[in-house]
*Asks:* 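Okay, handing you the structure first.
This is a predicted model, so every value here is computed, not measured. So you know, we letter chains A, B, ... as the sequences are listed, proteins then strands, and number each from 1.
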Number of protein chains: 2
Amino acid sequence: MSLSHALLGLLAIEPASGYELSKEFERDLGRYAWQAGHTSVYPELIRLAEQGLVEVTHEGARRSRTYAVTDKGREELREWLLSPWGQGVVRNEQVLRLFLLEALEPNETVTALRGVVEHAEGRMSELRALREKRDVEPPEGLDVLGQLASEYGLRQYQALRDWALWAIEHVNKRQGSTDSGSPRQP
Amino acid sequence: MSLSHALLGLLAIEPASGYELSKEFERDLGRYAWQAGHTSVYPELIRLAEQGLVEVTHEGARRSRTYAVTDKGREELREWLLSPWGQGVVRNEQVLRLFLLEALEPNETVTALRGVVEHAEGRMSELRALREKRDVEPPEGLDVLGQLASEYGLRQYQALRDWALWAIEHVNKRQGSTDSGSPRQP
DNA sequence: TATGCCATGTAAAAAGTTACATGATTCC
DNA sequence: GGAATCATGTAACTTTTTACATGGCATA
């Protein structure tokens, strides 16, 4: 199960509470890599602790418990990270939508693809803004993902936008000019 | 649930049997967008048929049943495809690994990133070869995904490769030269 | 006639989601 | 004192995976 590895990885980067880990799964990590709700995280932390892969290192205010990986956990994580690239779990609802867009009428496909372009560009400027802000106030807490993740996201959305633009051309070409909009705005 | 939409979408592109649909979930679709085993597909087709979203249009050899979307199913699909871009399910084991690479020692991180570059380049040439082959013998069967998907995949892997190269530089820079390999091979 | 792929399923177990629940601390 | 957020959990339900099972057709 990848949730356990995600937890081991996050805790290896920095010890954290279940609450903090859950937040991380809603931010960058959840957006690009792996989602998990707090109702999965807490029981899983308990299981990992039972297996000796993590341990509680600190109990703080509001009953909070800070976990850290043990040596055994770090070894397990290392093996997983260095294991050869197999097929792994892939599940992405938005990419699924992209792939099925062809089931629509061609002009609706193009409309949807234009939506993709806009969405991607919106996310790109968000990420750029975030990166600039990061240069001013350096990261804190469980934000170690920030630099690699935001760069990855930026390039990801760039590729998505370019692909969508290409796909619009492709669909139009295949179709003659059944297109609803104006062809190429200079 | 996205599995139902995936099935509606595939069947809207072209009627198919559960077997053919399952194969598609193991190819392009499973690699980039959504995985599903045949043990999920068959029961789901039955549920969709009960709801009147798909129907059996043909029974062929070896007890095979060809399904097609109904008008109701097509409408359901259309609504889903044209609905606004929300957060959707995201789960990608390999991307998760990328994000957690920092938990390794810096030189191991770089080693792993070099593996990513190689993997991405390998997949890219596979996809290019496939695309050239496609130009000779045109697609057949449930391969309508082929053109958009292979282009998407290509750009995806290109972005991944470029990101990994950038990340190697980034990690090295942050680290001084604790790197194990030779820096920049011309 | 045996091997391999086509083609479909069931049942149990594991994983993940949704709904519900509750106490602690801070900030207004 | 009340609202918001921190922080953790349980239980029921849904979805997915794993293991098992079986018959049909082609071809060597």
*Asks:* Quick check on DNA chain C: between B:R91 and B:T66, whose nearest nucleotide comes earlier from the 5' end?
*Replies:* B:T66

*Asks:* From CD of B:E44 over to P of D:dT16, roughly how many Å is that when rounded to an integer?
*Replies:* 8 Å

*Asks:* When all nucleic acid strands are considered with a 4.0 Å heavy-atom cut-off, which category describes A:S64: base, sugar-phosphate, or nothing?
*Replies:* sugar-phosphate

*Asks:* Remember a base hit wins even if backbone is also touched, and classify A:R47 as base, sugar-phosphate or nothing at under 4.0 Å, heavy atoms.
*Replies:* nothing

*Asks:* Nearest-Å distance, CZ (B:F25) to P (C:dA7)?
*Replies:* 17 Å

*Asks:* Any side-chain N or O of B:Y42 below 4.0 angstrom from OP1/OP2 of C:dG9?
*Replies:* no

*Asks:* Describe, in one word, how the ring planes of B:W166 and B:H170 are oriented to each other, choosing from parallel (under 30°), tilted (30 to 60°) and perpendicular (over 60°).
*Replies:*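 Plane angle under 30°, so parallel.
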
*Asks:* In this structure, how many angstroms lie between the P atom of D:dT8 and the CD1 atom of A:I46, rounded?
*Replies:*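 In whole Å, D:dT8 P and A:I46 CD1 are 10 Å from each other.
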
*Asks:* Among C:dG9, D:dC6, D:dG9, which is the nearest nucleotide to the side chain of B:H38?
*Replies:*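 Shortest atom-to-atom distance from the side chain points to C:dG9.
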
*Asks:* Describe, as an angle rounded to 10 degrees, how the axis at the first end of the helix from C:dT1-D:dA28 to C:dC28-D:dG1 is tilted relative to the axis at the last end, five pairs per end.
*Replies:*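 Here the local axes at opposite ends form an angle of 20°.
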
*Asks:* Find the distance A:R63:CZ to C:dT22:P and express it as a whole number of Å.
*Replies:*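 In whole Å, C:dT22 P and A:R63 CZ are 12 Å from each other.
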
*Asks:* What is the distance, to the nearest angstrom, from the NE2 atom on A:H58 to the C1' atom on D:dA7?
*Replies:* 13 Å

*Asks:* Return whichever of A:T39 or A:A61 has its heavy-atom-nearest nucleotide of DNA chain D closer to the 5' end.
*Replies:* A:A61

*Asks:* Could you check how far CD of A:E59 sits from C1' of D:dG9, rounded to whole Å?
*Replies:* 15 Å

*Asks:* Closer than 4.0 angstrom, basic N to acidic O: yes or no for A:E151 and A:R155?
*Replies:*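 Salt bridge present between A:E151 and A:R155.
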
*Asks:* Would you say C:dC6 has OP1 or OP2 under 4.0 Å from some side-chain N or O of B:Y19?
*Replies:* yes

*Asks:* Measure CG/B:L45 against C1'/C:dG9 and give the value in whole Å, please.
*Replies:*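 From B:L45 CG to C:dG9 C1': 12 Å.
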
*Asks:* Output, in order, the C-alpha distance, side-chain angles, deciding distance and verdict of salt bridge (Lys or Arg N to Asp or Glu O under 4.0 Å) for B:E75 and B:K72.
*Replies:* CA-CA 5 Å; B:E75 191 40 45; B:K72 190 179 165 192; over 6 Å; no

*Asks:* Specify the separation, in whole Å, of atom CD of B:E93 and atom P of D:dT17.
*Replies:* 12 Å

*Asks:* Among B:E26, B:R31, B:E24, find the residue that satisfies the side chain to side chain contact (heavy atoms under 4.5 Å, CB included) test when tested with B:D28.
*Replies:*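 Of B:E26, B:R31, B:E24, side chain to side chain contact (heavy atoms under 4.5 Å, CB included) with B:D28 is met by B:E24 alone.
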
*Asks:* Counting only heavy atoms not in A:R27, do more than 12 sit closer than 6.0 Å to its CZ atom?
*Replies:* no

*Asks:* Please identify which of these residues, B:V69, B:L77, B:T70, meets the side chain to side chain contact (heavy atoms under 4.5 Å, CB included) condition with B:L11.
*Replies:* B:V69

*Asks:* Out of curiosity, A:F25 CZ to A:L10 CG, how far, rounded to the nearest 0.5 Å?
*Replies:* 5.5 Å

*Asks:* By nearest heavy atom, map A:R62 and A:L3 onto DNA chain C; which one lands nearer the 5' end?
*Replies:* A:L3

